[in-house]
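In what follows, residues are counted from 1 in the order of the sequence shown.
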Amino acid sequence: QVQLVESGGGLVQPGGSLRLSCAASGSIFSINAMGWYRQAPGKERELVASITSGSSTNYADSVKGRFTMSRENGKNTVYLQMNSLSPEDTAVYYCNARLTTVRLPTTMANYWGQGTQVTVSS
């Protein structure tokens with residue numbers, strides 16, 4: 001079984017910063033990539049940022065230059081540093097991992113965290 005646990009959400013004023021964390025644990029064989037998605041009320045879930053096992057990153061145009069995704073070497077943990085936040089960034093942020101498990105080491109599957117609320121408001 002695999003668990004993804006996010007933390008770091010909260011309420012912040014416009015222009016402020018937050019750092020989200022996501023720790024993956026359980027019977028993980030290998031992780032291909034991890035990503036952060038967000039879903040605002042009435043909108044579809046969208047990709048915010050992703051990072052591969054080789055640490056290549058990709059960002060949505062709306063967050064380029066403001067958000068930075070990183071991973072902790074040797075640990076299945078990723079971070080999303082969010083700067084210059086605006087009300088448009090308000091959403092539930094979800095961590096995603098594309099990985100294989102010890103039980104099925106050749107089958108890639110997607111796993112999701114429970115989500116963490118980010119609210120940007122004065």
K43 meets the salt bridge (charged side-chain N to carboxylate O under 4.0 Å, His left out) criterion, sequence neighbours left out, with none
Is a donor on one side and an acceptor on the other found under 3.5 Å between the side chain of E6 and the backbone of Q114? yes
Using salt bridge (charged side-chain N to carboxylate O under 4.0 Å, His left out) as the criterion, list what pairs up with R45, not counting sequence neighbours. none
Holding to side-chain hydrogen bond (donor to acceptor under 3.5 Å, both in side chains), I want the full list of residues that pass it with T100, two or more places apart in sequence or in another chain. S30
Run T101 and Q1 through side-chain contact (heavy atoms from CB on, under 4.5 Å) and show every step you take. CA-CA 8 Å; T101 63; Q1 196 168 0; over 6 Å; no
Taking side-chain hydrogen bond (donor to acceptor under 3.5 Å, both in side chains) as the definition, give me every residue that meets it alongside E88, ordered by chain and number, with sequence neighbours left out. S86
Can you list everything that forms a side-chain hydrogen bond (donor to acceptor under 3.5 Å, both in side chains) with T119? Sequence neighbours excluded, please. Q117
Counterpart residues, side-chain hydrogen bond (donor to acceptor under 3.5 Å, both in side chains), relative to Y94 (two or more places apart): none
Which ILVMFWY residues can you reach from L104 by hopping between side chains whose heavy atoms are under 4.5 Å apart? none
Please go through M69's hydrophobic cluster and name the other residues, only I, L, V, M, F, W, Y counting, with side-chain heavy atoms under 4.5 Å joining them. V2, L4, V12, L18, L20, I28, I31, M34, W36, V48, I51, Y59, V63, F67, V78, L80, M82, L85, Y93, L99, Y111, V118, V120
Just jot down the ring-ring contact (aromatic ring centres under 6.0 Å, His included) partners of Y37, sequence neighbours excluded, or say none. W112
Residues that, via side-chain heavy atoms closer than 4.5 angstrom, fall in one hydrophobic cluster with V5: none
Atom pair OG/CD of S70 and Q81 - distance to nearest 0.5 Å: 8.5 Å
Looking only at heavy atoms, what is the nearest atom pair of P14 and S122, with distance? CD-N, 3.7 Å
Using modelled atom types and a 3.5 Å cut-off, is there a donor and acceptor pairing between side-chain atoms of R71 and backbone atoms of T52? yes
I need the full list of side chain to side chain donor-acceptor pair (under 3.5 Å) pairs touching residues 16-25, with sequence neighbours left out, sorted by first then second residue. Q3-S25, S17-N83
At their closest point, which heavy atom of R38 faces which heavy atom of A91, and how far apart are they? CB-CB, 3.8 Å
The complete set of disulfide (SG to SG under 2.5 Å) pairs with one or both residues in residues 74-122, sequence neighbours excluded, reads C22-C95
